[in-house]
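Along the sequence shown, residues are numbered consecutively beginning with 1. Computed from heavy atoms alone, side chains included, the values below leave out hydrogens, waters and symmetry copies. This one's a predicted model, so the numbers in the text were calculated from it and none came from an experiment.
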Amino acid sequence: MTQTYSLPSLPFALHGSEEWEWRIAANVVEVAAKPHSDLFVEPSDSDSVGAGTQLNAVTLTGTPPEGDFQLSARVDVDFRSTFDAGALVVWIDHSRWAKLCLEYAPGGEPMVVSVVTRDVSDDANGFALDEASVWLRVARVGEVFAFHASVDGARWRFVRAFVLEGEPVAVGFEAQSPLGSGCRVSFRDIDFASETLADLRDGS
């Protein structure tokens, strides 16, 4: 049985995907990614690009209240290896999930990256960053989920919108190090609101 955690900003409990050390203090979540861990289902016949299929990254998720919502956090990653990342995750089961990452790109720069998995994973780069810190947000509007990112926590850039069919839906945090020996990830300024985004694409 994994440990259950609570945060003052979240109206639902969080549960670890496995026995792992998550540090919870006030409204901050910190974790060290497992070595050689990821959430990704390789869509090609070859694992020659990246680390191939891995479904062993540690997550800390919970079931949000019914209806529309917004979950956001400032993510900081102590990058060490390519594809190290901290992410917000939307989870139904191992074949249906999505994540919005602050990831260390192969070009050696921090980048906002998103993945949506329906049996196999896609992989889409968002935009590059000057530092290893960014605000990430996942929102639900009806049956649609939307990912946004922000460099200041105020003005949001649209990353993508998508639908994942199935229940129950869990949301929360993920840390990964597909090619490396681990990295430290922190989630700060965590905020949850049972509010509907007025426009998925306008930066609000």
Side-chain angles (χ1 to χ4, degrees), residues 3-17 22-31 39 57-77 85-93 96-103 110 112-117 124 126-127 129 131-175 185-204:
Q3 191 168 350
T4 298
Y5 300 87
S6 62
L7 285 171
S9 58
L10 298 183
F12 53 90
L14 296 168
H15 308 278
S17 54
W22 293 85
R23 298 181 60 187
I24 311 292
N27 203 32
V28 177
V29 174
E30 295 181 318
V31 65
L39 289 181
V58 292
T59 64
L60 187 67
T61 62
T63 303
E66 293 184 3
D68 297 349
F69 68 80
Q70 301 171 45
L71 171 66
S72 62
R74 193 188 88 204
V75 184
D76 297 88
V77 182
L88 298 186
V89 64
V90 179
W91 183 268
I92 297 175
D93 57 34
R96 295 170 295 175
W97 52 268
K99 63 181 178 180
L100 177 62
C101 309
L102 168 59
E103 184 173 283
V112 174
V113 175
S114 64
V115 175
V116 176
T117 298
F127 56 92
L129 300 160
E131 55 185 322
S133 179
V134 71
W135 278 260
L136 300 178
R137 182 177 73 187
V138 55
R140 180 168 64 188
V141 180
E143 297 181 351
V144 177
F145 291 94
F147 284 158
H148 294 81
S150 172
V151 296
D152 59 9
R155 184 68 177 175
W156 295 90
R157 295 179 61 174
F158 174 71
V159 177
R160 71 190 301 172
F162 58 94
V163 172
L164 283 178
E165 296 182 352
E167 295 287 346
V169 172
V171 294
F173 313 101
E174 183 249 18
V185 181
S186 67
F187 303 89
R188 304 176 185 273
D189 302 330
I190 298 167
D191 185 64
F192 182 92
S194 295
E195 298 176 357
T196 303
L197 284 178
D199 191 318
L200 294 181
R201 296 174 173 83
D202 72 351
S204 61

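For Ala57 against Ala175, the heavy-atom pair with the smallest separation is CB-O, 3.5 Å. When all heavy atoms of Phe145 and Val169 are compared, the pair lying nearest together is CZ-CG1, 3.8 Å. Closest non-hydrogen pair, Pro64 versus Phe69, comes out as CG-CE2, 3.8 Å. When all heavy atoms of Glu195 and Gln70 are compared, the pair lying nearest together is O-NE2, 3.4 Å. Closest heavy-atom contact between Leu197 and His148: CD1-CE1, 3.8 Å. The heavy-atom pair separating Cys101 from Ala85 by the smallest distance is CB-CB, 4.1 Å.
The CG atom of Leu71 lies 10.5 Å from the CZ atom of Arg137; values are rounded to the nearest 0.5 Å. The OH atom of Tyr5 sits 7.0 Å away from atom CG of Leu60, with the distance rounded to the nearest 0.5 Å.
At a threshold of 4.5 Å between non-hydrogen side-chain atoms, the residues Glu30 and Arg188 count as touching. Contact annotation: the side chain of Ile24 approaches that of Leu7 to within less than 4.5 Å [non-hydrogen atoms, C-beta and beyond]. A heavy-atom distance below 4.5 Å is found between the side chains of Glu174 and Leu39. Contact annotation: the side chain of Val185 never approaches that of Leu102 to less than 4.5 Å [non-hydrogen atoms, C-beta and beyond]. A heavy-atom distance below 4.5 Å is not found between the side chains of Arg140 and Val90. Proximity of Leu100 to Val113: side-chain heavy atoms (C-beta onward) are nowhere separated by under 4.5 Å. Using a 4.5 Å cut-off on side-chain heavy atoms (C-beta onward), Leu88 and Phe173 make contact. Using a 4.5 Å heavy-atom threshold, the side chains of Phe187 and Leu136 count as separate.
Checked against the 6.0 Å centroid criterion, the rings of Phe12 and Phe192 qualify as a close aromatic pair.
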Audit row: Trp91, Ser17, side chain to side chain contact (heavy atoms under 4.5 Å, CB included) steps and yes/no: CA-CA 11 Å; Trp91 183 268; Ser17 54; over 6 Å; no
From CA spacing to verdict: side chain to side chain contact (heavy atoms under 4.5 Å, CB included), Val115, Thr117: CA-CA 6 Å; Val115 175; Thr117 298; 3.8 Å; yes
Side chain to side chain contact (heavy atoms under 4.5 Å, CB included) between Glu131 and Leu129, worked out: CA-CA 6 Å; Glu131 55 185 322; Leu129 300 160; 5.8 Å; no
Phe147/Phe162 under ring-ring contact (aromatic ring centres under 6.0 Å, His included): CA gap, chis, key distance, verdict: CA-CA 9 Å; Phe147 284 158; Phe162 58 94; 5.0 Å; yes
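Geometric assessment of Arg157 against the ring of Phe127 yields a positive cation-pi assignment under the 6.0 Å and 45° thresholds.
In this model, a donor atom of one side chain and an acceptor atom of the other lie less than 3.5 Å apart for Ser114 and Arg160. In summary, the side chains of Asp76 and Ser133 do present a donor paired with an acceptor at a separation below 3.5 Å, with no hydrogens or angles considered.
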